[in-house]
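A quick write-up on the structure given underneath.
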Amino acid sequence: MVTGDAVRPRRLLTRRLLTLLAALALLAAACERGEQPDGGADEPAPQAPTDEPTDEPTEEADDADEVLEGGTVVWALEQEPATLLPIVTGGNLYATSQITLPVLLPLFHITPDAEYRPTSLLADWEVDEDPTEDAALAVTYVLDEDARWSDGEPVTAADLLFTIEVNRAEDLAATSRAIWSQIDLATTAEGVDPDAAELTVFYPEPYAFWQSTFATASGIVLPEHVLGDREPAELGDLWTLEQGIVDPATDEPIASGPFQLDSVTPGERVRLVRNDAYGGQAANLDALEFAFIPESGRQLQQLRAGTVDLIDPQVQLDLVAQLEEMEGIDFQTDLGPTWEHLSLQSTREPLDQRVVRQAIGYALDREAFVAELLTPIQPDAEPLSSLHFMTDQPEYEPSFAEALDGDAQDAVALLEDSGCERDDDEIFRCEGERLELDWVSTAGNERRELFLELAQRDLLDAGIAINEDLRDPAEAFSADLLDAGAYELHSFAWIGAPEPASAIELWGCFERDEDGTPQRGATPDDPLDPDWDGYGAQNHPRHCPEPEVSDTLLETRRTLDADERAALFNEVDAALAEDLPVIPLFQLPHVVAYNERVTGIELNTTQQGQVWNVAEWGVRER
């Protein structure tokens with residue numbers, strides 16, 4: 001924990017124009033940050049300062065004392081993840097990614113400017129758009145000669161190939177199988193030297209999102225020499241929070257990044273320490289600790305008291321005002337691709353009736369939500385009406401506006417015209433199903449709790465009753481609840497990435513060939529095998545739209561022209577706006593606040609999160 005003399009606080013405020021394509025992230029990536037901006041979202045953007053905002057530290061920071069070698073930074077996280085294996089659906093929390101990424105590297109990080117930057121594992125790569133008669137794309141990854149696991153073994157082609165095989169395995173509940181399934185595994189594996197420092201990955205068709213494969217937490221490279229004797233189905237039971245990221249045969253830590261696991265205290269914290277075998281830039285810090293503190297108010301108190309050094313909580317109405325009053329605290333804010341939405345479990349009665357989903361969409365006053373929850377912090381905030389693009393992106397089209405910008409009376413008229421009738425208490429019943437629904441959200445998140453209260457009021461005016469079901473984040477975003485679809489309504493957020501590749505998983509339903517490759521859209525009456533949890537199962541229960549929607553989603557991955565690809569995503573948006581499996585609500589700002597003695601922090605609003613440059617973090621000398 002960093003301690004030191006109190007210094008006058010500064011604010012580093014950034015307002016970059018978003019050029020990200022808002023990928024529907026894994027993290028339900030995501031799911032919440034601290035008060036998560038991933039199933040929650042980052043933090044509230046403060047009102048614009050009177051001076052010109054800057055991304056650069058002030059002169060006061062430049063004049064600070066020399067950065068020490070060593071020290072410990074304590075980071076407060078809202079979530080306590082159940083697993084530290086981010087490639088499985090239960091491991092797609094923001095907290096999992098931030099604990100894991102300093103330990104296990106992908107081949108690419110995503111920078112705050114939404115660019116792919118190679119990690120220390122990758123020395124070079126080459127893309128060939130016409131490699132062979134049978135392949136339309138080939139990517140050759142050349143590993144760095146200094147890339148080593150913490151036990152001294154080199155990172156090799158065997159690790160890359162093993163990572164591909166595991167993520168494609170049907171008996172593993174993987175978060176991103178749709179991305180990995182594009183690879184021609186047989187051609188890729190043919191003739192591979194497992195000890196080689198390079199691997200060529202072949203794709204049978206053009207694939208626009210190839211760079212997202214080995215990127216962020218869902219693209220970590222797995223140690224074949226440690227896990228290779230395990231069946232993919234077994235991996236979901238390894239690397240639990242209690243076990244940690246270890247070689248299961250020896251219980252010794254295994255890492256490819258600048259840190260490795262040191263200890264876990266369930267219910268309290270995880271401690272990482274410097275990985276001395278790391279072949280990249282050695283970490284400045286001796287240790288990085290994650291303290292599990294679910295309540296945003298407690299996080300602020302402990303940041304003020306100096307018992308934690310860094311927080312990145314979800315947006316709350318008075319967060320920025322409180323941070324501005326704290327001495328010795330810096331913070332950065334930016335509007336990022338984290339967006340709050342309401343997931344409707346369309347496979348359960350009465351939400352399987354489209355008219356019910358449409359009535360909910362009309363009844364929710366999104367303008368009022370923004371005015372109440374965001375405008376006091378960010379005056380130019382507005383409702384979000386797309387599932388793929390943010391409001392300040394040039395590709396943005398408000399496809400959902402017409403389907404959502406009604407009012408309670410419009411909802412009532414829609415239900416009455418559809419033959420729904422009111423019970424004695426004025427709550428509607430449609431096709432015999434009473435419109436009384438349970439709404440899951442995260443306990444302790446003031447903004448979400450207020451949003452739920454406002455939504456209850458709106459929906460009651462429309463004859464729809466809502467029962468609140470507030471849960472601890474770990475439970476609210478558990479695989480048993482989220483991926484199993486064991487809820488009716490659920491409000492959380494997704495974090496975006498440079499490409500919306502995960503949209504194919506979220507919204508598509510496909511018939512497959514014998515290798516599991518999707519070939520064409522299935523119909524709502526003839527969906528996928530329900531035992532296969534690939535497409536449409538990532539943080540959202542399978543909802544099969546009309547087959548044309550799935551076919552269009554498949555076309556996005558083959559479309560290399562960015563403008564043409566954006567037009568296809570907007571076409572999907574328009575179709576889903578009629579079906580309403582999800583109601584987009586609003587985009588959320590992000591914040592990271594930290595003790596002024598901590599250096600190297602640069603806010604990253606993508607699903608990569610703050611640890612993209614964790615080796616550069618340090619502590620200033622007093």
Side-chain angles (χ1 to χ4, degrees), residues 1-3 27 30-40 70-86 90-91 93-104 150 217 238-246 251-255 257-275 283-314 329 442-445 472-478 592-595 597-598 601 609-611 614-615 617-619:
M1 174 190 62
V2 172
T3 60
L27 297 170
C31 280
E32 303 219 328
R33 286 188 183 186
E35 221 39 45
Q36 204 165 321
D38 210 78
T72 298
V73 166
V74 180
W75 181 349
L77 286 179
E78 175 200 56
Q79 300 165 319
E80 179 178 1
T83 177
L84 298 178
L85 183 63
L93 296 179
Y94 175 75
T96 302
S97 72
Q98 299 307 277
I99 296 172
T100 301
L101 281 170
V103 176
L104 299 168
S150 53
L238 297 178
W239 292 358
T240 62
L241 181 67
E242 290 77 9
Q243 182 187 48
I245 304 171
V246 299
D251 284 335
E252 291 298 318
I254 190 72
F259 290 89
Q260 66 184 38
L261 188 88
D262 178 61
S263 63
V264 175
T265 307
E268 295 183 17
R269 64 182 57 208
V270 169
R271 177 179 170 86
L272 309 181
V273 296
R274 186 189 295 116
N275 172 16
N284 287 325
L285 297 173
D286 289 328
L288 175 63
E289 294 188 2
F290 298 88
F292 304 131
I293 304 175
E295 300 86 5
S296 56
R298 278 188 60 214
Q299 289 189 12
L300 281 168
Q301 291 170 4
Q302 296 203 25
L303 180 66
R304 180 185 289 110
T307 51
V308 302
D309 307 309
L310 185 150
I311 65 173
D312 57 342
Q314 287 194 49
I329 301 301
T442 46
N445 184 323
D472 178 86
E475 183 181 0
F477 299 104
S478 67
V592 59
Y594 45 95
N595 187 301
R597 291 186 61 227
V598 178
I601 307 296
Q610 308 313 322
V611 294
V614 67
W617 294 8
V619 176

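Computed from a predicted model, the values in this text were never measured in an experiment.
- Taking CG of Leu241 as the reference point, atom OG1 of Thr265 lies at 9.5 Å (rounded to 0.5 Å).
- Within the 4.5 Å cutoff, no side-chain heavy atoms of Asp309 are placed close to those of Val619.
- With sequence neighbours left out, the side chain to side chain contact (heavy atoms under 4.5 Å, CB included) criterion links Gln302 to Ile293, Arg298, Thr307, Val308.
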side-chain contact (heavy atoms from CB on, under 4.5 Å) evaluation trace for Val611 with Phe259: CA-CA 11 Å; Val611 294; Phe259 290 89; over 6 Å; no

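- Screening Val74, Leu285, Val73 for a side-chain contact (heavy atoms from CB on, under 4.5 Å) with Val598, the sole residue that qualifies is Val73.
- Contact annotation: the side chain of Trp239 approaches that of Ile245 to within less than 4.5 Å [non-hydrogen atoms, C-beta and beyond].
- Put simply, the side chain of Ile601 reaches to within 4.5 Å of the side chain of Trp617, judged on heavy atoms.
- A 4.5 Å side-chain heavy-atom check between Ile254 and Val246 finds every atom pair outside the cut-off.
- Smallest separation of non-hydrogen atoms from Pro81 and Phe292: CD-CE2, 3.9 Å.
- Atoms CZ and CD1, on Arg304 and Ile329 in that order, are 9.0 Å from each other to the nearest 0.5 Å.
- Taking Asp262 as the reference, Arg271, Val273 meet the side chain to side chain contact (heavy atoms under 4.5 Å, CB included) condition, with sequence neighbours excluded.
- Taking the six-membered ring where tryptophan is involved, the planes of Tyr94 and Trp75 are perpendicular, since the angle between them exceeds 60° and thus also 30°.
- Annotation for Gln260 and Ser150: closest pair OE1-CB, 3.5 Å, computed over non-hydrogen atoms.
- A donor-acceptor pair is defined here as one N or O able to donate and one able to accept, closer than 3.5 Å; no such pair exists between the side chain of Gln610 and the backbone of Gln98.
- Between Ser263 and Arg269 the shortest side-chain heavy-atom distance does not fall below 4.5 Å.
- For the pair Pro258 and Val614, the tightest heavy-atom approach, listed with the atom from each and the gap, is CG-CG1, 4.1 Å.
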CA sep, side-chain torsions, deciding dist, call: Leu238, Leu85, side-chain contact (heavy atoms from CB on, under 4.5 Å): CA-CA 8 Å; Leu238 297 178; Leu85 183 63; 5.8 Å; no

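- Between Gly91 and Thr83, the shortest heavy-atom distance links the atoms CA-CG2, 3.4 Å.
- Atom-to-atom distance recorded for Gln243:CD and Asp251:CG is 6.5 Å, nearest 0.5 angstrom.
- Inter-residue side-chain proximity for Leu261 and Val103 is flagged as unmet; no heavy-atom pair is nearer than 4.5 Å.
- Residue pairs meeting the ring pair (Phe, Tyr, Trp, His ring centres under 6.0 Å) criterion with at least one partner in residues 293-312, sequence neighbours excluded, do not occur; the list is empty.
- Listed here is the closest heavy atom pair of Ala76 and Ile311: CB-CG2, 3.8 Å.
- Atoms CD and CG, on Glu242 and Leu84 in that order, are 9.0 Å from each other to the nearest 0.5 Å.
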